[in-house]
Amino acid sequence: MAATRRARSEGSVRPRQGDARRRMIEGAVESLRVHGASATSVDRVLSATGAPRGSVYHHFPGGRTELINDAVVTAGTVMSEFIERLTHDNDPVTALDLFGSMWRRTLTDSDFRAGCPIFAVAVETNDDAPEFARAAADIFARWERLLADMLIRDGVPAPRARTLATLTVAAFEGAIALCRAQHDITPLDNVLDELRTLIPTAPRTP
């Protein structure tokens, strides 16, 4: 859960939850990041966190589905708050650089094993748990809104700001996946270089 913890430490601090519930959610997020949704089981989370088995249905009456959905929502909220802080406090290029630096550290520190838990859920079908896709869609949409709002404040017309925001989210998520597959940080660096060139040259409202 390195990126989520890093986003939390560099952004706002979330209220503490019950220890067993918090540990299980953090364990589920980490499993999603490394193994994906289909391989994230209650047993895997319990083994990784040491949380008591009896606490599963106490904290998550819906079992595995509720645990994973809560993990997705929690990770998405923490990252959204981090992005909100970056986009509010910095110009677009600086915000991109800071976000890229966070992901560069996350990828290299995890030996390219840890990716985005939201992306991990989004790319799997999960027909038996459609709430996963809904949660991922809501989170991606929030990130796009935050980025678009930053660009609008910087003078980019709203329609162009929205398309650039979509491009930025897609580019980062794709770059993270490529970095993991290639065991190389170059795709992220290339995406950042292109966005640094593209975003400042977008037409601004006079």
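No hydrogens, no waters, no symmetry mates; every other heavy atom, side chains included, goes into these values.
A search for side chain to side chain contact (heavy atoms under 4.5 Å, CB included) contacts involving Ala39 returns His35, Arg44, not counting sequence neighbours. Residues satisfying the side chain to side chain contact (heavy atoms under 4.5 Å, CB included) criterion with Thr125, sequence neighbours excluded, are Asp127.
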Under 3.5 Å, sequence neighbours excluded: what are the donor-acceptor pairs made by side chains of residues 175-182?
from   : atom 1 : to     : atom 2 : distance (Å)
Arg180 : NE     : Arg113 : O      : 3.2
Arg180 : NH1    : Arg33  : O      : 3.3
Arg180 : NH2    : Arg33  : O      : 3.2
Arg180 : NH2    : Val34  : O      : 3.4
Arg180 : NH2    : Arg113 : O      : 2.5

For residues 196-206, which side-chain N or O atoms pair as donor and acceptor with protein atoms under 3.5 Å away, sequence neighbours left out?
from   : atom 1 : to     : atom 2 : distance (Å)
Arg196 : NE     : Asp97  : OD1    : 2.6
Arg196 : NH1    : Asp193 : OD1    : 2.6
Arg196 : NH2    : Asp97  : OD1    : 3.1
Thr197 : OG1    : Asp193 : O      : 3.2
Thr201 : OG1    : Thr197 : O      : 3.1
Thr201 : OG1    : Leu198 : O      : 2.8
Arg204 : NE     : Asp154 : O      : 3.4
Arg204 : NE     : Asp154 : OD2    : 3.4
Arg204 : NH1    : Ile199 : O      : 2.7
Arg204 : NH1    : Ala202 : O      : 2.8
Arg204 : NH2    : Asp154 : OD2    : 2.5
Thr205 : OG1    : Gly155 : O      : 3.3

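Ion pairing between Glu81 and Arg85 fails under the 4.0 Å rule for side-chain N and carboxylate O. A salt bridge does not link Asp149 with Arg145: every distance from a Lys NZ or Arg NE/NH1/NH2 to an Asp or Glu carboxylate oxygen is 4.0 Å or more.
The two residues Leu192 and Arg104 have their closest heavy-atom pair at CD1-NH2, 3.5 Å.
Note: the hydrophobic cluster containing Leu147 also contains Leu167 (ILVMFWY, side chain heavy atoms under 4.5 Å, direct or indirect links). Linking Ile, Leu, Val, Met, Phe, Trp and Tyr whenever their side-chain heavy atoms come within less than 4.5 Å puts Phe140 and Trp103 in one cluster. When hydrophobic clusters are built by joining Ile, Leu, Val, Met, Phe, Trp and Tyr residues whose side-chain heavy atoms come closer than 4.5 Å, directly or via intermediates, Trp143 is not grouped with Val93.
Sequence neighbours left out, the pairs with a member in residues 173-206 that pass ring-ring contact (aromatic ring centres under 6.0 Å, His included) are Phe112-His183. Applying the salt bridge (Lys or Arg N to Asp or Glu O under 4.0 Å) test to every pair with at least one member in residues 55-70, sequence neighbours left out, gives these pairs: Arg21-Asp70.
Taking 4.5 Å as the limit, every side-chain heavy atom of Met79 sits out of range of all side-chain heavy atoms of Ile139.
Ile83 pairs in a side-chain contact (heavy atoms from CB on, under 4.5 Å) with only one of the listed residues (Val78, Leu98, Leu146), which is Leu146.
There is no side-chain donor-acceptor pair under 3.5 Å between Asp189 and Thr186.
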